Amino acid sequence: MDLLRLKEKQNWTAGDITELLSLTGEEEREVLRRAADEVLRREVGPAVYYRGIVEFSNICALDCLYCGIRRGNGGVDRYSLEDEQILSSVKWCAENGYGSVVLQSGERRDREFIRHVERLLIRIKEETRSEKLPRGVGITLSVGEQTEETYRRWFQAGAHRYLLRMETSDPDLFRRIHPPEQSLEARLRALGALRKAGYQVGTGVMIGLPGQTPAMLARDILTFRDLDVDMIGMGPYIVSHGSPLAEQGMMEKQALLKLAFNMIAVTRLVLRDVNIAATTALQALTSDGRERGLTYGANVTMPNLTPRGVRKSYQLYEGKPCVEEDKEECRGCLLGRIRSVDRDVAFDAWGDSVHFARRQSGEAAREQ
Ligand code: SAH
């Protein structure tokens with residue numbers, strides 16, 4: 001493969017992608033990084049979009065083998081934020097020009113939870129409208145697999161983007177890291193239901209899982225493309241001590257970081273106009289991980305707005321950064337970090353996926 005022609009490359013094969021993901025030499029990785037950066041600027045522009053994330057509850061009905069807030073972890077203080085606490089974080093976000101929020105929690109499918117989220121969405125929409133944000137803050141939900149009807153209700157109530165990682169597209173690996181009641185098929189069906197309900201759909205995987213190969217990650221990227229998703233959020237797999245998967249260890253940090261950055265860059269090259277997040281887990285590996293992720297083709301990042309008192313109870317993995325910082329402190333720190341890599345934040349904007357807009361106008365044109 002000609003590394004100098006990456007930014008125009010069309011017909012991607014699993015072999016091409018595997019080759020790029022496996023690059024370790026500094027010079028070759030710099031060629032890859034630059035190509036991803038050029039495609040980013042050409043397809044979606046250099047702006048970075050914020051999604052203030054509120055981790056509103058760590059109560060979870062699932063038992064994912066890798067996750068620190070899995071049901072079976074008895075060592076976690078379980079919490080659910082009051083609506084007023086959530087609203088105050090979300091309003092702070094709107095007032096500070098963060099045009100969008102992510103509401104994330106452990107997974108629950110009971111009626112009370114579904115109704116609660118619905119009411120919360122309606123209130124957030126009502127209470128964050130302003131001159132700068134006439135339609136209120138943009139809301140992304142990240143609360144797992146639900147029925148199509150639930151997804152529709154929440155869409156009606158005001159959420160318009162949804163993140164649901166497939167975690168891996170490899171059926172055997174998926175089975176090895178989840179209890180038997182979960183399946184990749186159900187995850188993929190849920191992604192289809194989200195799409196039907198009208199959301200901008202985001203998915204992603206963990207990078208560096210025990211037993212995961214570059215060829216599997218290459219198929220992950222091709223799966224994102226085939227599903228025609230609008231947004232990608234992926235990050236390194238980091239051990240959660242005491243979890244069932246912990247005994248299988250994790251990749252060495254420097255190698256993992258390189259692989260995660262390669263994964264972002266190649267996803268940008270293959271998918272081109274989707275939103276890609278530089279996730280918090282990158283920063284858990286190294287303090288400048290998130291901004292370095294931006295230089296490999298990411299254009300979204302998620303400042304943490306969870307109230308400080310409960311942050312340490314939402315530890316999905318070891319070494320999650322900023323658990324002692326307040327959102328005020330994070331604000332200046334993060335902006336400085338983003339500017340240090342010569343990028344800037346688009347404030348007071350939803351920052352929707354360009355891919356979604358193109359997909360919509362393509363569908364409209366076909367219907368005429
Ligand atoms: N329950 C929701 C959201 C919470 S978990 C859902 O399932 O969508 C959000 C993401 O955290 C998961 O999709 C997973 O990819 C990631 N995560 C969980 N444990 C992790 C670990 N040990 N290392 C890295 N990422 C992890």
Side-chain angles (χ1 to χ4, degrees), residues 44-45 47-57 80-105 114-143 151-164 194 197-202 230-231 233 274-280 290 298-308 310-311 314 322 326-328 330-332 334-335 338 344-357 360:
V44 299
V48 176
Y49 297 100
Y50 276 172
R51 280 79 173 95
I53 180 163
V54 186
E55 297 146 336
F56 66 94
S57 172
S80 288
L81 295 180
E82 298 295 331
D83 284 2
E84 296 313 318
Q85 289 177 295
I86 303 171
L87 272 154
S88 112
S89 289
V90 169
K91 282 183 187 164
W92 182 93
C93 180
E95 282 155 16
N96 283 276
Y98 297 15
S100 287
V101 291
V102 176
L103 301 178
Q104 190 178 80
S105 74
I114 294 167
R115 250 191 252 137
H116 176 218
V117 171
E118 184 177 39
R119 281 198 303 264
L120 188 64
L121 292 168
I122 294 170
R123 274 195 72 186
I124 291 175
K125 280 289 167 186
E126 278 170 359
E127 296 182 31
T128 57
R129 276 198 206 105
S130 69
E131 234 164 77
K132 282 192 202 151
L133 288 172
R135 298 179 298 169
V137 292
I139 307 177
T140 306
L141 277 177
S142 177
V143 293
Y151 287 148
R152 285 188 190 282
R153 272 173 70 174
W154 290 341
F155 187 79
Q156 287 278 314
H160 80 289
R161 295 187 287 242
Y162 204 105
L163 281 178
L164 178 66
L194 285 164
Y199 290 88
Q200 294 178 35
V201 179
D230 307 301
M231 326 182 292
V274 297
N275 279 345
I276 302 179
T279 56
T280 315
R290 276 204 279 190
N299 67 332
V300 165
T301 200
M302 302 173 169
N304 194 332
L305 299 182
T306 308
R308 188 161 43 177
V310 298
R311 278 192 194 191
Y314 203 87
C322 312
D326 192 38
K327 52 188 179 309
E328 295 286 352
C330 287
R331 179 164 157 251
L334 188 57
L335 190 58
I338 291 168
D344 217 340
V345 176
F347 287 104
D348 297 310
W350 280 8
D352 279 336
S353 161
V354 169
H355 184 78
F356 180 79
Q360 294 282 91

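It should be emphasised that the depicted structure is a prediction, and the values quoted were computed from it without experimental measurement. All values below were derived from every heavy atom in this structure, side-chain atoms included, with hydrogens, water molecules and symmetry-related copies excluded.
No side-chain N or O of Ser57 forms a donor-acceptor pair with one of Ser105 less than 3.5 Å apart. A donor atom on one side chain and an acceptor atom on the other are found under 3.5 Å apart for Ser100 and Arg161. Side chains of His355 and Asn275: no donor on one and acceptor on the other come within 3.5 Å.
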Take Leu194 and Phe155 through the test side-chain contact (heavy atoms from CB on, under 4.5 Å) and record every step on the way to the result. CA-CA 9 Å; Leu194 285 164; Phe155 187 79; over 6 Å; no
Salt bridge (charged side-chain N to carboxylate O under 4.0 Å, His left out) between Lys91 and Glu84, intermediate numbers included: CA-CA 10 Å; Lys91 282 183 187 164; Glu84 296 313 318; 6.0 Å; no
When you look at Val102 and Val54, which way does the side-chain contact (heavy atoms from CB on, under 4.5 Å) test go after all the steps? CA-CA 6 Å; Val102 176; Val54 186; over 6 Å; no
Steps toward side-chain contact (heavy atoms from CB on, under 4.5 Å) verdict (Ser80, His116): CA-CA 11 Å; Ser80 288; His116 176 218; over 6 Å; no
Would Lys327 and Asn304 count as a side-chain contact (heavy atoms from CB on, under 4.5 Å) here? Give the steps. CA-CA 7 Å; Lys327 52 188 179 309; Asn304 194 332; over 6 Å; no
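Ring geometry, Tyr162 versus Tyr199: the interplanar angle exceeds 60°, so the pair is classed perpendicular (tilted spans 30 to 60°).
Here the options are Leu121, Leu103, Leu120, the test is side-chain contact (heavy atoms from CB on, under 4.5 Å), and the partner is Trp154; only Leu121 passes.
Looking only at side-chain heavy atoms (C-beta outward), Leu133 and Trp350 come within less than 4.5 Å of each other. Side-chain atoms of Pro303 and Cys330, non-hydrogen and from C-beta on, never get closer than 4.5 Å to each other. Between Val137 and Thr128, some side-chain heavy-atom pair lies under the 4.5 Å cut-off. You'll find the side chain of Thr301 reaches within 4.5 Å of the side chain of Ile338, heavy atoms only. At a threshold of 4.5 Å between non-hydrogen side-chain atoms, the residues Leu141 and Val117 count as touching. Put simply, the side chain of Gln200 reaches to within 4.5 Å of the side chain of Asp352, judged on heavy atoms. Contact of the Tyr49 side chain with the Val345 side chain is not registered, since no non-hydrogen atoms from C-beta on lie closer than 4.5 Å. In this structure, the side chains of Val201 and Met231 stay at 4.5 Å or more apart for every pair of heavy atoms.
Here CZ of Arg153 is found 4.0 Å from CD of Glu118. Values are rounded to the nearest 0.5 Å. To the nearest 0.5 angstrom, Glu126 atom CD is 8.5 Å from Arg123 atom CZ. Expressed to the nearest 0.5 Å, how far CZ of Arg308 lies from CG of Asp326 amounts to 5.0 Å. Atom CG of residue Leu87 and atom CH2 of residue Trp92 lie 15.5 Å apart, to the nearest 0.5 angstrom. Expressed to the nearest 0.5 Å, how far OG of Ser353 lies from CD of Gln360 amounts to 10.0 Å.
Scanning all heavy atoms of the two residues, the minimum distance from Phe347 to Leu335 falls at CZ-CD1, 4.1 Å. Residues Ile53 and Met302 approach most closely at CG2-O, 3.8 Å, considering heavy atoms. The nearest pair of heavy atoms linking Arg311 to Thr306 is NE-O, 2.7 Å. In terms of heavy-atom proximity, Thr279 sits nearest to Arg290 at O-CG, 3.4 Å. Minimum interatomic distance between Val44 and Val274 (heavy atoms only, all atoms of both residues): CG1-O, 4.3 Å. Among all heavy-atom pairs drawn from Ser89 and Leu305, the shortest one is OG-O, 3.0 Å.
Looking at Glu95 and Lys132, no side-chain N of the basic residue comes within less than 4.0 Å of a carboxylate O on the acidic one, giving no salt bridge.
Under a 3.5 Å cut-off, the side chain of Arg119 and the backbone N or O of Asp83 do not form any donor-acceptor pair.
Counting heavy atoms of neighbouring residues, nucleotides and ligands inside a 6.0 Å radius, atom CD of Gln156 does not exceed 12 of them.
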